[in-house]
Amino acid sequence: MPAEHWVLSKTKYLAGLQCPKLLWMYYHAKDKFPPVNAQTQAIFDQGHEVTGLARTLFHGGLEVEGHEDYEAILKKTQELLPMRKPLFEPAFRYKNTFARPDILNPNQDGSWDIYEVKSSTEAKDVYYSDLAFQKYCYQGAGLKIRRCYLVLINNEYVRKGPINPEQLFSIENVSKEVEPYEAIVPQELERMLTSLSLKACPAVKIGPHCLKPYECALVEHCWDFLPGENVFILYGFKKDKEFQLVDKKIYGISDIPADYPLSDNQRIQWQCHKSKRTHRNPSSINDFFKQLEFPLHFLDFETVNPAIPFYDLSRPYQNVPFQFSLHILSEWERAPVHHGYLADGPEDPRPLLLQKLRRLIEPRGTVLSYNMSFELGRLEECVEAFSEYQTWFEKLKPRFRDLIDPFRQFDYYDPKQLGRTSIKAVYPALTGGSYEGLEIADGESASYQYARVTFREGIPEEEKARVRAGLEVYCKLDTRAMIDVLNVLKKAADGQA
Ligand code: SF4
């Protein structure tokens with residue numbers, strides 16, 4: 001197909017900058033892309049919400065509605081331009097490019113400024129490429145562009161009452177930063193159009209570009225030649241070294257030569273994958289057990305972290321706990337007792353969560369969390385907002401121990417962990433247990449689903465009940481899994497496993 005046939009949007013332009021194969025596949029092999037999952041959809045939804053709120057900063061703005069009928073939105077844009085009002089998502093086409101700014105704001109001198117809204121808290125190079133592409137398109141279409149702005153989230157903002165968009169957003173003039181990216185747009189477009197016209201997909205090896213600036217949607221497709229126990233699962237191994245090994249056609253961990261320089265933990269991993277055996281260090285595991293005191297409390301939080309804070313006294317992207325699961329084990333031979341809390345409704349979940357935890361956690365005994373900096377960090381933020389719990393928390397803090405430690409230190413490593421130390425990897429590897437088949441099976445889904453059924457209007461009651469039941473099961477399994485994992489460690493410490 002001739003080059004004139006292709007029309008590139010900014011998404012496709014950025015894809016083309018990342019990888020020619022990715023761009024080619026977008027146009028020639030769309031079926032190879034995985035469907036949008038719930039997490040990606042949540043990111044899109046949040047982006048729309050953030051953009052909608054940013055628009056309120058531009059009074060009297062007019063939206064160019066529609067997505068499918070390009071000719072209609074181009075025509076509508078041309079009708080609105082002479083009104084010299086802020087325009088939301090107007091559309092422009094120039095040569096092989098098509099773009100829509102989030103906000104186009106008119107200036108007195110007849111020029112326009114581009115405002116690109118991002119849910120991020122900081123500017124990134126990829127945003128400058130995005131703006132450079134847009135500027136090329138709009139200027140080519142006849143607009144005079146004066147400045148380029150990024151509308152970013154101000155992560156210092158603390159909500160007090162209704163959201164204040166003036167404070168939530170920070171607007172940066174990035175015209176200077178965009179300039180160097182503008183110069184390369186025409187030649188990059190030419191290169192992309194040429195490669196799009198090829199019948200065969202460009203041959204591109206996997207490399208760091210697969211993960212930056214965004215993780216490519218085709219990683220599963222392009223990386224599927226790697227074995228499951230591949231060099232990318234080496235713990236703490238640098239990315240450039242991983243790709244160097246792949247370049248040498250060393251794909252599996254056990255293919256790594258014996259004299260290849262590895263850290264002590266990577267060497268343990270290498271030996272385990274080669275011998276298909278579990279590594280245990282009973283004396284270090286015993287040291288871990290010496291720090292524990294009954295009753296053992298197993299604590300896990302689920303959190304929401306929206307860009308636009310849901311609650312007063314919280315910042316953008318702050319993880320606010322809305323649920324906990326707490327198992328208490330008074331001695332090895334006794335059955336653990338379970339307690340849980342799942343907030344209901346749009347009110348701030350923290351006061352009740354703190355109240356319940358203070359009541360349920362016994363005055364002595366260890367509190368075990370998995371990757372405890374997360375739970376401790378959340379509690380610290382909670383008591384910052386609700387200072388009446390400060391004294392209680394200060395006393396509780398030293399009682400925390402981290403169940404991830406024996407795994408991070410490689411005192412225990414099972415090759416089935418595939419290099420991961422999270423509870424989602426350790427629990428199935430050590431116990432044969434599974435998160436599979438759960439309605440909600442990971443923290444991101446928990447966060448997304450809770451926010452959806454709690455804050456979105458029009459969710460049927462049955463669906464709400466189903467999601468909430470899924471949340472209860474999931475969070476409870478996280479702490480139950482910790483007990484099961486601790487039991488396996490105990491056997492290892494006793495020399496039985
Ligand atoms: S996975 Fe890597 S090589 Fe494959 S299309 Fe994406 S960026 Fe290109």
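All heavy atoms count here, side chains included; hydrogens, waters and symmetry mates do not. Ligands are counted one by one from 1 in listed order, and the atoms in each one are counted from 1 as well. Keep in mind that this is a model prediction, so the values were computed, not measured.
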Anything protein N/O/S under 2.8 Å from atom 6 (Fe) of ligand 1? Just list residue and atom, please.
-> Cys216 SG
Please list all pairs passing the side chain to side chain donor-acceptor pair (under 3.5 Å) test where one or both residues lie in residues 35-49, with sequence neighbours left out.
->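 Applying side chain to side chain donor-acceptor pair (under 3.5 Å) to every pair that reaches into residues 35-49, excluding sequence neighbours, yields Asn37-Thr40, Gln39-Ser445, Gln41-Asp45, Asp45-Arg456.
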Could you note down all residue pairs passing side chain to side chain donor-acceptor pair (under 3.5 Å) where residues 222-242 supplies at least one of them, sequence neighbours left out?
-> Glu229-His273, Lys239-Glu242
Carboxylate-amine/guanidinium contact Lys10 Glu116, below 4.0 Å =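 Yes, Lys10 and Glu116 are salt-bridged.
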Does the distance from a Lys or Arg side-chain N to an Asp or Glu carboxylate O, for Glu439 and Arg466, drop under 4.0 Å?
-> yes
Between the side chains of Tyr435 and Asp478, is a donor N or O closer than 3.5 angstrom to an acceptor N or O?
-> yes
Residue list, side chain to side chain contact (heavy atoms under 4.5 Å, CB included) with Ala91, at least two apart or on another chain | Ile73, Leu74, Thr77, Phe98, Arg100
